[in-house]
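In what follows, a single structure is set out as structure tokens and then discussed.
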Amino acid sequence: MQQINIIDAKKHVDEKVKIGVWLTNKRSSGKIAFLQLRDGTAFFQGVVLKKNVSEELFEEAKKLRQETSMYVIGIIHKDERSKFGYEMEIEDIQVISETEDYPITPKEHGIEFLLDHRHLWLRSKRPFAVLRIRDEVIRATYEFFGKEGFVKFDAPILTGSAPEGTTELFHIDYFDTNAYLSQSGQLYEEAGAEAFGKVYSFGPTFRAEKSKTRRHLTEFWMIEPEMAFMHQEESLDIQERYIAYLVQSVLDHCQYELSILDRDVETLKRYTKVPYPRISYDEAIELLQKADFDIKWGADFGSPEETYLADHFDQPVFVLNYPKALKPFYMKPHPTRDDVVICADLLAPEGYGEIIGGSERATDYNYLLEKIKAAGLDPKEYSWYLDLRKYGSVPHSGFGLGLERILTWLTLEDHVRETIPFPRLLNRLHP
RNA sequence: UGCCCCGUAGUUCAAUGGUAGAAUACCGCACUGUUAAUGCGUAGGUUGUUGGUUCGAGUCCAACCGGGGCAGCCA
């Protein structure tokens with residue numbers, strides 16, 4: 001007898017098989033018991049008929065409690081009455097470990113309780129679906145950049161100084177000197193691009209900002225590609241093809257998860273078509289002013305502004321060339337305008353806001369040196385970075401994408417904390 | 001960090017300043033196709049902490065503790 005996974009049940013119709021499962025819920029009557037089961041690959045139900053099994057087994061089945069682990073042995077049937085389409089007619093049950101008082105019941109729970117029990121909440125259907133889509137997006141990311149000829153180039157997590165010098169960093173003691181957890185691998189990726197042409201990093205990123213919003217974590221995962229001999233236009237091409245590729249991969253491999261989340265597939269299909277619309281920062285300001293937003297040229301967009309702009313399009317939209325004062329020192333100044341830089345943010349539709357920030361990078365040694373000084377940063381800390389402009393500087397571009405932000409949008413969750421196994425938030429370091 | 005909101009049974013929530021209650025989960029019984037199954041029954045509480053006002057505080061006031069939302073920062 002073969003041991004299988006629930007997800008493969010359809011390949012074993014009318015066969016007797018064994019599956020290792022946990023019990024998620026149960027309903028029983030005098031002569032029939034329905035066991036709701038999960039095994040990590042899918043959810044389905046097992047049916048225990050009193051007439052089919054011994055009295056002892058039927059009584060045992062009726063007494064099973066939520067999250068008991070066991071092997072179930074029985075015959076797979078196709079059955080329209082089952083939500084999954086297939087179910088098991090159980091002949092035998094081998095309990096592995098009994099459980100009592102499992103805290104997470106099929107009823108509603110508050111977010112505080114669920115986050116305190118995240119180690120168990122992971123077993124529930126919604127986290128299951130969201131985190132499987134996370135896995136697919138990660139898999140598709142490696143696949144996409146591999147196919148495009150990128151080298152995965154890992155940036156350090158421990159750093160001796162702040163790459164951008166802006167946001168708050170987590171400080172640690174490093175053999176009696178100061179070190180910080182990385183808030184961006186970008187500057188290191190620029191070094192990688194001059195060694196390998198096209199590179200990307202994909203790893204954890206840390207920001208010690210005391211943010212308490214649905215869009216922020218203190219520990220999150222970021223994908224940061226950097227491309228040598230590439231101007232912003234080609235970078236935008238890669239960005240939109242990458243996003244479209246992720247969406248297509250989720251559509252190709254996660255139909256079951258999307259159905260659990262009740263995510264509309266037709267809406268997602270719109271995002272697989274490129275190119276995405278592009279507007280300039282100047283045009284964005286005009287749009288907002290026409291809509292009576294109280295905003296002047298030079299100001300950054302808040303959440304309401306981003307949402308309004310994104311709602312104008314039924315696809316993600318690039319907003320190009322922001323004021324220089326709003327952006328970090330390493331962005332390339334515009335060739336004919338002194339007030340903007342060559343950059344773009346990609347805003348996700350459906351109210352999800354910024355998911356990518358990117359730019360063409362400044363290539364001139366003296367320009368960068370001045371900007372570093374003007375930003376109040378220590379040029380000595382950036383001497384290695386300045387070397388990249390000293391020895392064979394080339395046009396290059398890159399961008400950063402927040403994994404949890406794109407997942408929040410794809411899964412239609414309302415908070416980024418739902419899209420990472422163990423979220424780290426301002427007031428939450430456990431479990 | 002600023003502004004706002006919330007802490008009552010394991011959980012989700014009620015309760016004009018006047019004896020703390022329901023649903024659900026657990027436990028027991030009934031029920032042959034359930035989908036948050038259903039019906040009946042048992043049990044379940046130092047109302048976040050400390051102090052104050054009051055004849056009387058879950059309710060009003062203050063401080064503290066814990067959590068959430070929005071904003072800024074950004075991905």
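Order of the sequence lines fixes the chain letters, A, B, ..., with proteins taken first and strands second; residue numbering starts at 1 for each chain.
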- line: Under a 4.0 Å heavy-atom criterion, the protein footprint on nucleotides 27-33 of chain B, written with B, S and -, is S---BBB

- request: Could you name each residue pair satisfying salt bridge (charged side-chain N to carboxylate O under 4.0 Å, His left out) that touches residues 51-60 of chain A, not counting sequence neighbours?
  value: none

message: Once ring-ring contact (aromatic ring centres under 6.0 Å, His included) is applied, what residue pairs with a partner in residues 129-153 of chain A remain, sequence neighbours excluded?
response: A/Tyr142-A/Phe202, A/Phe144-A/Tyr242, A/Phe144-A/Tyr245, A/Phe145-A/Phe150, A/Phe145-A/Tyr200, A/Phe145-A/Tyr242, A/Phe153-A/Phe196

query: Does A/His312 have any ring pair (Phe, Tyr, Trp, His ring centres under 6.0 Å) partners at least two apart in sequence or in another chain, and if so, which?
result: A/Tyr308

query: For A/Tyr367, which residues count as a ring pair (Phe, Tyr, Trp, His ring centres under 6.0 Å) partner, sequence neighbours excluded?
result: none

Base-paired stems that RNA chain B participates in, counting runs of 3 or more Watson-Crick or G-U pairs under 3.5 Å: B:1-7 with B:65-71, B:10-13 with B:21-24, B:27-30 with B:38-41, B:48-52 with B:60-64

field: Contacts of type side-chain hydrogen bond (donor to acceptor under 3.5 Å, both in side chains), residue A/Asp339, not counting sequence neighbours
entry: A/Arg337

statement: To the nearest angstrom, the CD-C1' distance between A/Glu100 and B/G10 comes to 13 Å

message: Please report the distance, rounded to the nearest Å, between CG in A/Leu346 and C1' in B/C74.
response: 15 Å

What residues from [range] pass a heavy-atom cutoff of under 4.0 Å to RNA chain B?
range: residues 401-431 of chain A; result: A/Gly402, A/Arg405, A/His415, A/Arg417, A/Asn427, A/Arg428
range: residues 105-124 of chain A; result: A/Thr105, A/Lys107, A/Glu108, A/His109, A/Gly110, A/Ile111, A/Glu112, A/Phe113
range: residues 286-321 of chain A; result: A/Gly302, A/Ser303

message: Side chain of A/Lys212, heavy atoms from C-beta onward: which of B/G72, B/A37, B/G68 has the nearest atom to it?
response: B/G68

- request: Just jot down the side chain to side chain contact (heavy atoms under 4.5 Å, CB included) partners of A/Arg417, sequence neighbours excluded, or say none.
  value: A/Ile111, A/Leu115, A/Leu217, A/His415, A/Pro423, A/Leu425

Counting only pairs under 3.5 Å, give me each side-chain donor-acceptor contact of residues 125-134 of chain A, with atom names and distances, residues two or more places apart or in other chains.
from	atom 1	to	atom 2	distance (Å)
A/Arg126	NE	A/Glu413	OE2	2.8
A/Arg126	NH2	A/Glu413	OE2	3.3
A/Arg132	NE	A/Gly40	O	3.4
A/Arg132	NH2	A/Gly40	O	2.7
A/Arg134	NH1	A/Glu404	OE2	3.0
A/Arg134	NH1	A/Thr419	O	2.9
A/Arg134	NH2	A/Glu404	OE2	3.4

message: Would you measure the distance from the C1' atom in B/C74 across to the matching atom in B/U34 and give it in whole Å?
response: 49 Å

